[in-house]
Amino acid sequence: MASIQKKVCLLGDFAVGKTSLVRRFVEGIFEDKYLSTIGAKIDRKEMSIHHASLTLLIWDLAGGEKFNRVVHSYYRGAAGAILVCDVTRLETLGSLEHYAHDFRSVNPGAPFVIVGNKTDLADERRISDTELDSIAAKLSASWFAGSAKTGENVETVFRTLGESLVECEK
C-alpha cells in the first residue's frame, strides 16, 4: 500500500466553522463554544483511499486575514484546500472566490472542495444549494452542504478532497 502525505488548508471567513469541521473529522467531537483560531492550527489524520494510506496534514487557518507574506507562507506546499462558508451568512459565500484566487496564486491547479457549513440551522439558512453549485462551478470544485455539529457530510468533504489528491499522485 502506497503511503502519501499531503498538506491541505481550510479557508474561509471568521466563525464559518473551520475549526469545528476539523475537530469533528479528526476527533469526532463538536463544541458549541466559539474558539477563534489565531494564525494556523495543524492536525493530522490518516485515511485509506484507493489502496493508499493518505495522511492529511490539515492547516486550519484564521479567517479574514488579508493576503500577505504570512498567509502566503501558510499556503506554500499545500496540495489542496477546503473552502468553508456559513450557510446562515450570505457574505461568507462571496469571500470564497477571494480565498480561492489567493490560494491558487501560490498553488496553481490545486483541487478545492467547498462546504456550506451549519445546515443544522435550517431556519436561518441564507445560502441555497443553487448558490453553492454556482460558486463551485466557477471554481471548478466539488461542493457539499453539511454540519460540523451533526457530522453531516464532514467525512465526505475530506474524503472527496483526499480522493482528488490520491488521483493526482497517479
Side-chain angles (χ1 to χ4, degrees), residues 1-13 15-31 35 37 40-61 63 74-87 92-93 95-97 99-100 103-104 106-122 125 127-170:
M1 182 184 296
S3 184
I4 303 166
Q5 182 170 286
K6 296 289 182 182
K7 174 181 174 180
V8 298
C9 296
L10 265 80
L11 310 174
D13 286 345
V16 294
K18 297 180 301 292
T19 300
S20 294
L21 287 165
V22 174
R23 290 197 73 197
R24 172 63 78 176
F25 177 63
V26 174
E27 303 171 41
I29 61 173
F30 175 84
E31 289 184 27
L35 298 171
T37 302
K41 182 180 181 306
I42 304 167
D43 285 284
R44 69 186 301 134
K45 171 99 181 216
E46 192 170 306
M47 312 172 71
S48 180
I49 296 179
H50 302 308
H51 307 292
S53 173
L54 173 64
T55 301
L56 292 179
L57 298 175
I58 305 165
W59 287 54
D60 174 8
L61 303 179
Y74 290 157
Y75 293 170
R76 195 173 298 123
I82 296 173
L83 304 172
V84 185
C85 66
D86 173 347
V87 297
T92 66
L93 181 69
S95 297
L96 295 186
E97 283 188 74
Y99 288 105
F103 185 84
R104 283 213 174 124
V106 177
N107 302 296
F112 291 136
V113 175
I114 295 170
V115 59
N117 192 30
K118 303 188 185 182
T119 57
D120 56 285
L121 302 173
R125 188 164 179 177
I127 298 173
S128 68
D129 285 355
T130 302
E131 290 166 310
L132 286 167
D133 194 51
S134 177
I135 192 84
K138 201 179 285 188
L139 298 176
S140 301
S142 301
W143 71 271
F144 299 91
S147 168
K149 185 173 188 173
T150 65
E152 176 193 4
N153 280 331
V154 174
E155 178 83 23
T156 304
V157 166
F158 284 91
R159 181 161 291 283
T160 299
L161 183 58
E163 289 171 353
S164 295
L165 298 176
V166 169
E167 285 298 315
C168 290
E169 283 290 303
K170 292 182 178 179

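As a basis for the values below, the full set of heavy atoms in this structure was taken, side chains included, without hydrogen atoms, waters or symmetry mates. Fair warning: this is a prediction, and the values are worked out from it, not measured in the lab. Note that the numbering runs from 1 along the sequence shown for the chain.
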Next on the checklist: Holding to salt bridge (Lys or Arg N to Asp or Glu O under 4.0 Å), I want the full list of residues that pass it with E27, two or more places apart in sequence or in another chain.
Outcome noted: R23
Checklist entry - Does D133 have any salt bridge (Lys or Arg N to Asp or Glu O under 4.0 Å) partners at least two apart in sequence or in another chain, and if so, which? => result none
I'd like to know if the side chain of [X] pairs up with that of [Y] as donor and acceptor (distance under 3.5 Å, no hydrogens or angles considered).
X	Y	answer
E131	S134	no
S142	T160	no
D120	T150	no

Checklist outcome for this item: Heavy-atom nearest pair, C85 first then L96, reads CB-CD1, 4.0 Å
Item to check | Short side-chain to backbone donor-acceptor contact, K18 and C9, under 3.5 Å | outcome: no
Item to check | Evaluation steps, side-chain contact (heavy atoms from CB on, under 4.5 Å), between I4 and L165 | outcome: CA-CA 9 Å; I4 303 166; L165 298 176; over 6 Å; no
Nearest 0.5 Å please: distance from the [atom1] atom of [X] over to the [atom2] atom of [Y].
X	Y	atom1	atom2	value
Y99	L139	OH	CG	13.5 Å
S3	E46	OG	CD	6.5 Å
L54	L56	CG	CG	4.5 Å
L10	T19	CG	OG1	8.5 Å
I82	F25	CD1	CZ	7.5 Å

Atom pairs and distances, donor-acceptor, side-chain atoms in residues 151-159, under 3.5 Å, two or more places apart:
from	atom 1	to	atom 2	distance (Å)
E152	OE1	T119	OG1	2.6
N153	ND2	A145	O	2.7
R159	NH1	S48	O	3.2

